[in-house]
Every structure is written in structure tokens, then in C-alpha cells.
Protein chains: 2
Amino acid sequence: MSQKAAADDKKTDGKPAPQPDPARSLALLWGSHTRPGRNGLTIRAIVEKATELADAEGLAALSMRRVAEVLGVGTMTLYSYVPGKDDLTDLMADRLMGTLYSDPDEPKRCGHWRDALLLIAERNWQLHLKHPWLAELVRPRPRLGPNLVQKYDTELRPLDGIGLSDIEMDALLTNIMTQVEGAARLHHRLEREKQDSAQTDEEWWLTQAPVLDRLLDAQRFPVAARVGQSFGDETKAAAAPEMTLKFGLELLLDGVEKKLGKT
Amino acid sequence: MSQKAAADDKKTDGKPAPQPDPARSLALLWGSHTRPGRNGLTIRAIVEKATELADAEGLAALSMRRVAEVLGVGTMTLYSYVPGKDDLTDLMADRLMGTLYSDPDEPKRCGHWRDALLLIAERNWQLHLKHPWLAELVRPRPRLGPNLVQKYDTELRPLDGIGLSDIEMDALLTNIMTQVEGAARLHHRLEREKQDSAQTDEEWWLTQAPVLDRLLDAQRFPVAARVGQSFGDETKAAAAPEMTLKFGLELLLDGVEKKLGKT
DNA sequence: GGCCCTATTCGTACATTGTACGGAACAACG
DNA sequence: CGTTGTTCCGTACAATGTACGAATAGGGCC
């Protein structure tokens with residue numbers, strides 16, 4: 001239908017793309033973030049304050065106006081440092097990637113690849129706990145910034161030479177990251193629901209009761225009813241997503257172990 | 001800090017919560033979607049048209065105004081059928097869950113649990129391919145609707161009695177869904193980038209070249225450079241996320257197999 | 001020191017979003 | 001033919017990202 005209808009907005013007067021300029025975004029990521037402007041503002045400062053804001057109030061509360069307000073500058077001033085909001089979130093994400101490990105060989109120093117992967121998963125999990133907005137970013141993974149590349153390298157090192165092909169190494173890491181991110185999303189969703197419906201889970205059962213009734217009394221869902229029961233008990237007791245993640249990781253690593261023939 | 005500061009907006013004049021009413025949302029999901037209004041409109045029709053729109057133009061283009069326009073009704077008319085946009089997307093998602101299997105025993109009929117899980121993963125993957133917006137929804141998983149519960153039950157059945165506890169069954173399924181959704185996100189991200197930067201990937205390498213140079217010439221990232229190379233080759237060749245998913249699934253299932261002691 | 005030019009700052013404006021509000025049109029019932 | 005309650009929807013509002021261009025400040029050159 002309107003497959004290409006949205007391509008030419010402006011008359012394309014010379015510059016190729018006024019809005020999305022991937023080259024500029026990349027240059028920004030890899031460039032210097034500490035060169036101050038006229039009023040002493042730096043990209044780094046913007047990114048840090050924005051991160052604080054997102055940590056405290058969630059990604060939904062992260063608006064250019066709020067960031068500018070917190071920094072005590074005009075809203076549009078931010079745009080002389082950063083092309084747009086997407087680039088800001090990219091910067092925020094990439095910066096965090098630099099905080100994961102103390103040095104590029106930390107995971108490898110675990111010795112066994114399995115321990116290394118567990119460390120990697122744990123660090124990423126903790127990062128997601130500290131920064132709930134990380135898992136909410138629209139972009140599945142942020143643009144390729146220096147810290148992300150560093151992280152990639154750091155996490156690949158303990159896998160190098162254990163018997164996996166390059167592509168398998170990448171696939172394994174990707175799957176682990178997917179697991180962690182997925183668990184983080186679930187975790188934050190539950191957390192938010194818990195504090196949205198406020199106080200006791202007494203009330204939670206009241207609103208959910210009609211559905212649960214329909215669920216249980218009908219034998220349409222025999223297995224779901226029973227498992228949902230167990231899961232519900234577990235859920236209220238502790239952090240279910242973390243258990244799920246641990247379980248999935250074990251399975252994944254056992255699978256790797258089998259693929260490698262033996263430990 | 002502002003933990004509870006945002007609780008009381010309005011004077012709370014009687015009705016508990018004017019905006020987020022989980023009970024109503026749940027009732028909506030489980031209620032009838034075919035009762036027509038004055039002008040013959042039904043919830044089902046709204047949901048279907050909205051789904052078409054999201055399929056064709058992406059989640060970003062899905063606005064209440066557009067949906068109403070397509071349906072030929074006033075914008076606010078939608079609000080007499082659906083409490084808000086979130087509920088609409090919940091309805092859309094839940095409806096799709098009903099299209100996954102022909103009957104509640106289809107996966108179980110595969111015989112072996114491994115084949116069943118592969119079928120389950122494949123179906124969910126195909127669904128994500130058909131509806132890119134599904135993986136973009138903010139809510140990690142939609143609200144508990146009838147079709148989602150049905151799907152849950154259907155997918156649990158082949159796992160029942162093979163030697164896993166209820167919680168393990170749930171965790172396994174959750175992890176598989178996470179894998180699929182993560183792969184879908186990556187897939188759609190690559191797809192979008194490919195058609196955003198338009199025509200040849202010639203140009204892609206031009207914009208990405210400076211970064212890649214910095215990446216390769218520095219020996220800061222020895223492993224990442226090499227693996228990224230392999231991965232880049234693979235990426236251009238075919239659908240990398242799908243391969244990654246297949247790989248991760250195999251590992252996961254091998255892990256399950258080991259846990260069960262033997263096939 | 002004085003002046004000009006360029007890069008930075010940012011007030012205003014606009015398009016777009018979800019949706020609250022309340023009047024208008026309509027159906028059913030007496 | 002009212003009356004009443006439901007459904008429809010035009011208008012309005014607050015919030016968003018950001019384009020535009022006027023004000024402004026700083027730094028180099030005479």
C-alpha cells in the first residue's frame with residue numbers, strides 16, 4: 001500500500017536526510033562527550049542526568065523538557081549536543097555498557113567458560129535491576145557504540161577457543177542476553193503491577209478473582225489451572241522471574257556442555 | 001523519594017480509580033466482542049481493523065484517530081467500546097493468541113515433547129513474523145485473556161508428566177517464549193534498518209565504515225572484531241536471528257533432555 | 001580595546017498523541 | 001408523544017518531540 005509514500009517529505013534540497021542521520025549518530029557515540037559548550041554543559045552531563053531521571057521515574061517520564069529543566073537550561077539547548085531523543089537513549093545505554101566489568105578480562109578470569117557465562121549473566125541482570133528502563137527501550141539493542149563493542153569483546157573472550165564457531169559464540173551470547181532481558185521485563189512488569197494495585201495483594205485477588213474463577217471451574221484449561229496455581233504461589237513468595245532465568249540459564253549451559261562433548 | 005507522591009491526583013470523590021481499572025480491563029477481555037452498537041460497530045471489528053493497521057504500518061502508526069478514521073466513525077466513539085489504547089492492544093494481542101493452534105491438543109499430538117516444543121516455537125515465531133508489532137508492545141506479556149490462557153494450557157499439555165515440576169514447566173515455556181520474542185525483535189530491527197537505509201547495502205557499509213575501521217584497526221577488541229566479521233557476513237547472507245533462535249532452542253532442549261535423564 | 005563572525009542558546013510554534021467533558025442524536029418504554 | 005438512558009462524537013487540553021530563527025556570547029583580528 002503506502003510502502004514508499006512516506007519517503008519524500010521535504011523537497012530533499014541537498015542534504016540527503018534531515019531527520020535520520022545514522023552517520024552522525026554513530027559519530028556522536030564514538031566521539032568525545034566531555035567537550036563543554038558555552039555554559040559548561042557536556043554531553044556526558046546530559047546523559048548522566050537523563051539516566052538518573054529515567055532510573056528514578058521510568059522511561060515514560062524521560063522527556064527532553066524534564067531533562068533540560070533538571071539541568072537548568074532551555075529545552076532546545078539539548079539539541080545542540082544531541083540530535084534527538086533516540087540518540088540520547090543510545091548514549092545512555094552505551095554508557096551503562098561500560099560499567100559492567102572492571103576490565104576486559106574479568107569474565108575470562110573465571111577460568112571455566114561456564115562460570116564466566118554465569119558471571120556475565122549475573123552482571124547484566126544486576127544492571128537491568130538498577131536501570132529498569134534499559135529493557136523498555138524500543139530498539140532491541142542500542143546502536144553500536146564503543147562501550148557496547150567493548151562489552152561484546154569482553155563477553156566473547158571466555159568463549160574463544162572452547163570449541164564453538166564464531167557464529168555459535170555470537171548466537172550463544174545473544175541468547176543469554178535475550179534470556180536476561182526477557183526476565184528483566186517480566187520482573188519489572190510484576191514489580192510495577194504490585195505497586196500499581198498498591199498495598200495488600202488481598203485486593204489483587206479481589207479484582208483477579210472473577211477471572212480465576214472462570215479459569216478454575218471450567219475444565220477447559222486443566223493443565224493451565226494447576227500450573228498457574230503453583231506459579232501463583234511461587235510468585236507471591238519471591239522473585240519468580242529470577243528463578244525462571246536461573247532455570248533457563250542452566251538448561252542453556254547444559255546444552256552447551258553437551259555440544260562440547262564434555263566439560 | 002517520590003514513592004507515593006503521585007498517588008492522589010483527583011480528589012478521589014468516590015470511585016476508586018478513574019483511569020486504570022484492571023477489573024474492567026479483564027472483564028473486557030473475557031466479555032463478548034460481537035455485540036454491536038448503534039451503528040453496527042463491534043469490539044471485534046475495531047480490534048481487527050486495528051490489527052490490520054498495525055500489521056501494515058507498524059505500532060507507531062496505530063493511533064486511535066487512525067483506527068476511527070479507517071472505521072469511518074468519530075474518534076471518541078472507540079472509547080465507548082474500549083476504555084483506552086492499552087486495552088485495545090491487549091485485545092489485539094489476545095485475539096492473535098487464539099490463532100496459534102487448530103485445537104488445544106495439536107502440540108501434544110506431536111508425541112515427543114521435543115517435537116511439540118519445536119512446533120510451539122515455530123508457531124510463535126511465525127506469528128511474530130506476521131505481526132511485527134507484537135514484540136514491540138510495552139507490556140512484556142499482555143493481560144491474562146481467554147486466548148492467552150488457552151494458549152498457555154495448550155502449550156503446557158505436552159510437557160505434563162514428562163518429569164518436570166509445575167514450576168519447571170512454566171519456566172521452560174517462559175524461556176522459550178522469551179527466546180522467540182527476542183529473536184523476533186532482532187529480526188524486525190534488522191529488517192527495518194535494511195529498508196530505512198534503503199537500496200543497496202553498499203551504502204550501509206559506507207556509513208558504517210568509519211566505525212568498523214575504528215573497530216578493526218584497534219586491537220582493543222580482538223575477538224569482537226573477528227566474530228563481528230563472521231557475523232556480518234552471515235547477516236547479509238540470510239536471516240541471522242532465525243539461525244540464532246534455532247541454535248538457542250537446540251541448546252535449551254538439549255538441556256531439558258539432560259535434566260530428564262534420557263530421552 | 002573595539003569589531004565582526006560564527007557557533008551556541010533557547011523562546012515560540014506546530015503537529016501529533018491519548019483522552020476528559022459534555023452536548024446531541026437516538027432507541028426503548030411508558 | 002414525552003422521558004430516560006445509552007451511544008455517538010466535536011471540541012478542548014495537556015503533553016510530547018522538534019523545526020525555525022532571533023538573540024547572544026565568545027574569540028580572533030585589526
Side-chain angles (χ1 to χ4, degrees), chain A residues 6 9-15 17-21 24-25 28 32 35-43 45-46 50 53-54 57-92 136-139, chain B residues 6 9-13 15 17-21 24-25 28 35-43 45-46 50 53-54 57-92 136-139:
Chain A
D9 272 1
K10 302 303 173 68
K11 298 290 178 59
T12 65
D13 46 351
K15 258 68 178 182
Q19 203 141 11
D21 189 347
R24 184 178 170 201
S25 298
L28 179 72
S32 161
R35 203 180 54 237
R38 269 213 316 252
N39 50 12
L41 196 59
T42 65
I43 294 183
I46 295 176
L53 216 166
E57 308 187 28
L59 194 61
L62 184 78
S63 73
M64 298 302 257
R65 275 172 243 264
R66 293 268 291 133
V67 174
E69 192 185 350
V70 166
L71 287 166
V73 300
T75 304
M76 294 311 291
T77 301
L78 300 182
Y79 285 86
S80 48
Y81 291 84
V82 159
K85 196 190 182 183
D86 283 355
D87 297 87
L88 177 55
T89 53
D90 281 340
L91 281 166
M92 292 164 63
E136 293 175 44
L137 291 180
V138 223
R139 220 185 300 280
Chain B
D9 272 1
K10 301 303 174 67
K11 298 291 179 58
T12 65
D13 46 350
K15 257 69 178 183
Q19 202 140 11
D21 188 348
R24 184 178 171 201
S25 298
L28 179 71
R35 202 181 54 238
R38 270 213 315 254
N39 50 12
L41 197 59
T42 65
I43 294 183
I46 295 176
L53 216 166
E57 308 187 28
L59 194 62
L62 184 78
S63 73
M64 298 302 258
R65 274 171 243 264
R66 293 268 292 134
V67 174
E69 191 184 350
V70 166
L71 287 166
V73 302
T75 305
M76 294 311 291
T77 300
L78 300 182
Y79 284 88
S80 49
Y81 290 84
V82 159
K85 196 190 182 184
D86 283 354
D87 298 86
L88 177 55
T89 54
D90 281 340
L91 282 167
M92 292 165 62
E136 293 176 44
L137 290 180
V138 224
R139 219 183 301 278

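Everything quoted here is computed from the prediction, not taken from an experiment. Numbers restart at 1 for each chain; the letters A, B, ... are given by sequence-line order, proteins then strands.
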For atom [atom1] of [X] and atom [atom2] of [N], their distance in whole Å:
X	N	atom1	atom2	answer
Arg66(A)	dT16(D)	CZ	C1'	14 Å
Met64(B)	dC9(D)	CE	C1'	13 Å
Glu57(B)	dT17(C)	CD	P	11 Å
Ile46(B)	dT7(D)	CD1	P	12 Å
Leu88(A)	dT18(D)	CG	P	10 Å
Asp86(A)	dT16(D)	CG	P	16 Å
Leu53(B)	dT17(C)	CG	P	11 Å

*asked:* Minimum heavy-atom separation for Tyr81(B) and Ile43(B), please, with both atom names.
replied: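 Looks like O-CD1, 3.6 Å.
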_Can you give me the closest heavy-atom contact between Val82(A) and Gly84(A), atom names plus distance?_
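Minimum heavy-atom separation between Val82(A) and Gly84(A): CG1-O, 2.9 Å.
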*Hey, could you give me the CE/CD1 distance between Met64(B) and Ile46(B), rounded to the nearest 0.5 Å?*
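Going from CE on Met64(B) over to CD1 on Ile46(B), the span is 8.0 Å.
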*Distance (rounded to the nearest 0.5 Å) between Leu53(B) CG and Leu59(B) CG*: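 Rounded to the nearest 0.5 Å, the CG-CG separation comes to 10.5 Å.
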*To the nearest 10°, let me know how far the axis at one end of the helix from dG1(C)-dC30(D) to dG30(C)-dC1(D) is tilted from the axis at the other, five pairs an end.*
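The value is 20°.
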*Would you mind building the protein contact string for nucleotides 7-13 of chain C? One character per nucleotide, 5' to 3', B for base within reach (heavy atoms under 4.0 Å), S for sugar-phosphate only, - for untouched.*
BBBBBB-
*Sequence neighbours excluded, which residues qualify as salt bridge (charged side-chain N to carboxylate O under 4.0 Å, His left out) partners of Arg38(B)?*
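If we apply the salt bridge (charged side-chain N to carboxylate O under 4.0 Å, His left out) test to Arg38(B), skipping adjacent residues, there are no hits.
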_According to side chain to side chain contact (heavy atoms under 4.5 Å, CB included), who are the partners of Ala50(B), at least two apart in sequence or on a separate chain?_
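Ala50(B): side chain to side chain contact (heavy atoms under 4.5 Å, CB included) contacts with Leu62(B), Val67(B), Leu88(B), Met92(B).
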_Under the rule for side chain to side chain contact (heavy atoms under 4.5 Å, CB included), what residues qualify as partners of Pro83(A), not counting sequence neighbours?_
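For Pro83(A) the side chain to side chain contact (heavy atoms under 4.5 Å, CB included) partners, ignoring immediate neighbours, are Arg24(A), Leu28(A), Asp87(A).
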Which atom pairs, donor and acceptor, lie under 3.5 Å between side-chain atoms of residues 69-77 of chain B and protein residues at least two apart or in another chain?
from, atom 1, to, atom 2, distance (Å)
Thr77(B), OG1, Gly74(B), O, 3.3

